[in-house]
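Take a look at the structure below.
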Amino acid sequence: MTAGPDDRTPLDRDFFDRPVLQVAPDLLGRVLVRRTPDGPIELRLTEVEAYAGQADPGSHAYRGRTERNAVMFGPPGHAYVYFTYGMWHCLNLVCGPEGHASGVLLRAGEVLDGHEWAYERRPKARNDHELAKGPARLATALGVDRRLDGSDVCGSPDAPLSILTGHPARPEQVLSGPRTGVGGEGATHPWRFWIDGDPSVSPYRAHTPRRRNSTRRQVGT
DNA sequence: CAGTCGATTCACT
DNA sequence: GTGAATCGACTGA
């Protein structure tokens, strides 16, 4: 690895003001810094997914702007954090021009620093590679919740979240495939990107339609 | 206003 | 591989 002098330079907003399919793979190998009162955690991104605005049936922005997804419609370089399954958070980075509502879901990464704090939040992780192996695990390890929704990742160097240049993955290291857990039309596009062979990359799972509510069990034959 | 279900994870068979 | 956990946002009546 050639540790250049610029690898800790924050990415500027122009980096995110590009088509999401360009930004997403380009985020691999970059370093996400999460600063908390406890201390900083640094994460090298190894897996991401692209969500392509209002035209994308798999995106939260598909049915237009709501209170929850408002940040996606705002300027690039901000965090979109949502709460799901009643217990998890997931972290996205908004990209493309304002109003375009595209974003990149940060699905996995390798903890480079701050392991102590990451394990404190993820006591079930059995090794370093499991700390942020999956989008909700990543957000948990980093202590990210809805309070960080809208947070600028291209802002001050003391901000709660920022993205550094890192060592971007070379194109030949990057693989792509269908998005995890996305069903219907949105399942067909290979808009999930990961670093080939990295142990922190999460396993692929097809979309699983939820079972019928048990409070309304089926009656009759 | 009630019903449905989710860009998931974990325990268990 | 299957099912539970758990709650807020969204949908349609």
Side-chain angles (χ1 to χ4, degrees), chain A residues 20-21 23-25 27-28 32 45-73 78-96 100-109 111 118-150 176-194 199-219:
Chain A
V20 65
L21 292 180
V23 176
L27 277 169
L28 297 174
L32 175 67
L45 297 176
T46 58
E47 181 190 357
V48 298
E49 266 174 12
Y51 287 85
Q54 296 186 79
D56 179 0
S59 171
H60 288 172
Y62 183 53
R63 292 168 201 277
R65 177 182 181 134
T66 67
E67 194 172 341
R68 175 176 69 156
N69 67 21
V71 169
M72 289 191 87
F73 289 78
H78 291 252
Y80 165 51
V81 181
Y82 67 88
F83 180 65
T84 191
Y85 289 101
M87 54 195 120
W88 310 112
H89 293 271
C90 293
L91 170 62
N92 300 254
L93 300 179
V94 177
C95 60
H100 195 74
S102 287
V104 178
L105 172 68
L106 306 185
R107 289 196 55 90
V111 176
Y119 273 109
E120 205 162 287
R121 298 183 177 92
R122 291 222 63 239
K124 288 174 182 167
R126 290 171 301 187
N127 57 60
D128 290 2
H129 299 309
E130 284 187 357
L131 285 170
K133 188 194 196 97
R137 290 167 164 185
L138 184 154
T140 301
L142 270 50
V144 168
D145 62 28
R146 275 228 101 195
R147 287 174 293 190
L148 288 181
D149 188 49
S176 67
R179 294 178 293 187
T180 294
V182 174
E185 283 270 322
T188 59
H189 309 104
W191 289 349
R192 172 174 175 253
F193 303 91
W194 66 93
S200 68
V201 173
S202 70
Y204 173 77
R205 291 193 202 95
H207 175 69
T208 53
R210 179 226 259 260
R211 280 186 184 292
R212 278 245 162 263
N213 191 351
S214 56
T215 63
R216 197 235 270 237
R217 56 188 68 81
Q218 207 159 8
V219 175

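Source: prediction; values computed, not measured. Below, read A as the first sequence line, B as the second, and so on, with proteins coming before strands; counting in each chain starts at 1.
- Applying the 3.5 Å distance criterion, the base of B:dA7 shares no donor-acceptor pair with the side chain of A:His207.
- Which of B:dT9, B:dG6, C:dC7 sits closest to the side chain of A:Arg137 comes down to B:dT9.
- Nearest nucleotide to the side chain of A:Trp88, out of B:dT9, B:dA7, C:dC7: B:dT9.
- If you find the closest nucleotide of DNA chain C to A:Asn69 and to A:Tyr85, the one lying nearer the 5' end belongs to A:Tyr85.
- The backbone N or O of A:Glu130 sits less than 3.5 Å from a side-chain atom of A:Arg122, completing a donor-acceptor pair.
- For the pair A:Gln54 (side chain) and A:Ala101 (backbone), a donor-acceptor distance under 3.5 Å is absent.
- The separation between A:Met72 atom CE and B:dA7 atom C1' is 10 Å, rounded to whole Å.
- Side-chain nitrogen and oxygen atoms of A:Thr180 include none within less than 4.0 Å of the OP1 or OP2 phosphate oxygen of B:dA7.
- Using a 4.0 Å cut-off, no side-chain N or O of A:Arg205 falls inside it from OP1 or OP2 of C:dG1.
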As a check on the pairing definition, encode DNA chain C in dot-bracket form, counting Watson-Crick and G-U wobble pairs whose two distances are under 3.5 Å, and using | for partners outside this strand. |||||.||||||.

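- Base engagement by A:Gly58 is indicated by at least one non-hydrogen atom pair under 4.0 Å involving a base atom.
- For C:dG8, the OP1/OP2 oxygens have no side-chain nitrogen or oxygen of A:Arg68 closer than 4.0 Å.
- Mapping A:Arg146 and A:Met87 onto DNA chain C via the closest heavy atom, the residue that lands nearer the 5' end is A:Met87.
- For A:Arg122 and B:dC10, the CZ to P distance is 5 Å, given to the nearest whole Å.
- A donor atom on one side chain and an acceptor atom on the other are not found under 3.5 Å apart for A:Tyr82 and A:Asp149.
- Between A:Arg65 and C:dA9 there is no side-chain N or O to OP1 or OP2 distance below 4.0 Å.
- Judged by distance alone, with hydrogens and angles left aside, A:Tyr82 brings a side-chain donor or acceptor within reach of the base of B:dA7, the pair sitting under 3.5 Å.
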